[in-house]
> 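Please read through the structure below; I'll follow up with questions.
Side-chain atoms are counted along with the backbone in the values below, which use heavy atoms only and exclude waters and symmetry mates.
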Amino acid sequence: MDTAATGLTFRDATDADAEALVVLIESAYRGDDSRAGWTTEADILEGQRTDPEGVLAVIKSPDSRLLIVEREGSVVACCQLEHRGAHAYFGMFAVSPQLQGGGLGKVIIAEAERTARETWGVREMHMTVISVRNDLIAWYERRGYRRTGRMTPFPYGDERFGIPQRDDLQFELLVKELA
């Protein structure tokens, strides 16, 4: 068994998890704490990544699941799965910065893909990644995702998504065929 998977439990988030999930997501992407891991966006975005309302909206959505990953009773990661017809959307992926780089992300994304296939019978997983995040995109490519070149604008001026530190941010759609 993969040692990164040792002792992990997966479950659906509940309303009571919202605050802990905001802390986890913020720690993985924003501010100085995020610099302990490699997924930080601190150099390209300031401000918040999410808020309790955003997390609760995902938890309450009938077409969404927000998976929590725990080890020894502590929340160590999360990801969103959303059913969108013939495909599922993968988002809100966060791994505790102190645990990044140890293989945990690979285990979680594989479980998310399996869950989406089994729950909804989808054949594709979609996600969007900020196009300047080359290391992150390369990580997803090693997991079988392909760049599509399909871009959507970053929501400049909407501080719910952060405060951009550069003017060339956009989201690229990545797609993976699920076996």
Side-chain angles (χ1 to χ4, degrees), residues 7-37 39-42 44-100 104-105 107-122 124-130 133 136 140 152-165 169-174:
L8 294 183
T9 57
F10 291 79
R11 66 175 175 85
D12 287 324
T14 66
D15 293 5
D17 296 311
E19 291 293 336
L21 289 171
V22 170
V23 171
L24 170 69
I25 293 163
E26 293 295 317
S27 76
Y29 290 98
R30 298 289 200 275
D32 288 335
D33 287 349
S34 70
R35 295 181 194 280
T39 62
T40 183
E41 294 172 344
I44 60 172
L45 289 161
E46 291 182 351
Q48 72 177 34
R49 174 79 190 266
T50 192
D51 55 32
E53 295 76 23
V55 170
L56 284 168
V58 172
I59 291 170
K60 291 178 182 304
S61 170
D63 294 323
S64 239
R65 295 179 72 180
L66 186 50
L67 295 180
I68 287 185
V69 184
E70 293 177 318
R71 180 178 278 151
E72 297 174 8
S74 294
V75 175
V76 296
C78 68
C79 66
Q80 171 193 10
L81 294 173
E82 184 177 325
H83 188 208
R84 295 184 177 176
H87 72 273
Y89 179 80
F90 178 80
M92 212 174 270
F93 186 30
V95 174
S96 175
Q98 296 77 19
L99 300 175
Q100 291 177 17
L104 191 55
V107 172
I108 294 164
I109 199 166
E111 176 64 14
E113 291 165 359
R114 186 197 66 75
T115 299
R117 267 193 323 271
E118 290 185 6
T119 303
W120 299 308
V122 296
E124 276 188 347
M125 185 80 86
H126 292 195
M127 70 173 71
T128 54
V129 179
I130 297 173
R133 301 285 321 274
L136 186 58
Y140 285 121
T152 54
F154 186 87
Y156 284 91
D158 187 342
E159 291 190 5
R160 290 177 305 158
F161 298 97
I163 303 166
Q165 301 303 296
L169 301 182
Q170 55 186 343
F171 294 105
E172 182 170 3
L173 175 67
L174 305 183

> How far apart are the closest heavy atoms of Glu19 and Pro52, and which atoms are they?
OE2-CG, 3.5 Å
> Are any non-hydrogen side-chain atoms of Glu159 and Gln48 less than 4.5 angstrom apart?
no
> State, with a plain yes or no, whether a side-chain heavy atom of Ile68 is found less than 4.5 Å away from one of Leu24.
no
> Parallel, tilted or perpendicular: which one describes the rings of His126 and His87, with boundaries at 30° and 60°?
parallel
> Looking only at atom types and distance, does a side-chain atom of Glu46 sit under 3.5 Å from a main-chain N or O of Gln165, one as donor and one as acceptor?
no
> Does a side-chain heavy-atom distance below 4.5 Å link Leu81 with Met125?
yes
> Nearest 0.5 Å please: distance from the CE atom of Met127 over to the CG atom of Leu136.
8.0 Å
> Supply the atom-to-atom distance Leu56 CG to Ile59 CD1, rounded to the nearest 0.5 angstrom.
5.0 Å
> What are the two closest non-hydrogen atoms of Ala28 and Gln100, and how far apart are they?
CB-NE2, 4.1 Å
> Could you please spell out the steps behind the side chain to side chain contact (heavy atoms under 4.5 Å, CB included) verdict for Ile130 and Phe171?
CA-CA 4 Å; Ile130 297 173; Phe171 294 105; 3.7 Å; yes
> With the side chain counted from C-beta on, respond yes when Asp12 and Leu66 share a heavy-atom pair under 4.5 Å apart, and no when they do not.
no
> Is there a side-chain contact between Arg71 and Leu8 (heavy atoms, below 4.5 Å)?
yes
> Taking side chain as C-beta onward, heavy atoms only, is Phe154 less than 4.5 Å from Leu45?
yes
> Identify the heavy atoms of Val122 and Gly85 that sit nearest to each other, and give their distance.
CG1-O, 3.9 Å
> Just checking, is any N or O donor in the side chain of Tyr89 or Thr128 under 3.5 Å from an acceptor N or O on the other one?
yes
> Any chance you could measure Tyr140, atom OH, to Glu172, atom CD, to the nearest 0.5 Å?
13.0 Å
> Any chance you could measure Ile25, atom CD1, to Asp51, atom CG, to the nearest 0.5 Å?
10.0 Å
> Indicate yes or no for a side-chain donor-acceptor contact from Thr115 to the backbone of Glu111 under 3.5 Å, with no hydrogens or angles considered.
yes
> Kindly compute the distance separating CD (Glu72) from OG1 (Thr9), expressed to the nearest 0.5 Å.
10.5 Å
> So which atom in Cys78 and which in Leu21 form the shortest heavy-atom distance, rounded to 0.1 Å?
CB-CD2, 3.7 Å
> Go through the steps for Arg65 and Trp120 under the test side chain to side chain contact (heavy atoms under 4.5 Å, CB included), then give the verdict.
CA-CA 11 Å; Arg65 295 179 72 180; Trp120 299 308; 4.2 Å; yes
> Counting C-beta onward and ignoring hydrogens, is there a side-chain heavy-atom pair between Ile109 and Cys79 closer than 4.5 Å?
no
> For Glu26 and Arg49, work out which heavy atoms get closest and say how close.
OE2-N, 2.7 Å
> Would a distance-only check, ignoring hydrogens and angles, find a side-chain to backbone donor-acceptor pair under 3.5 Å from Arg30 to Gly47?
yes
> Considering all heavy atoms of both residues, which atom of Leu169 and which atom of Tyr156 are nearest to each other, and what is their separation?
N-OH, 2.9 Å
> Between Arg133 and Ile44, does a side chain to side chain contact (heavy atoms under 4.5 Å, CB included) hold up when you go through it step by step?
CA-CA 9 Å; Arg133 301 285 321 274; Ile44 60 172; 3.6 Å; yes
> Is Val55 close to Val58 at the side-chain level, that is, under 4.5 Å between some pair of heavy atoms?
no
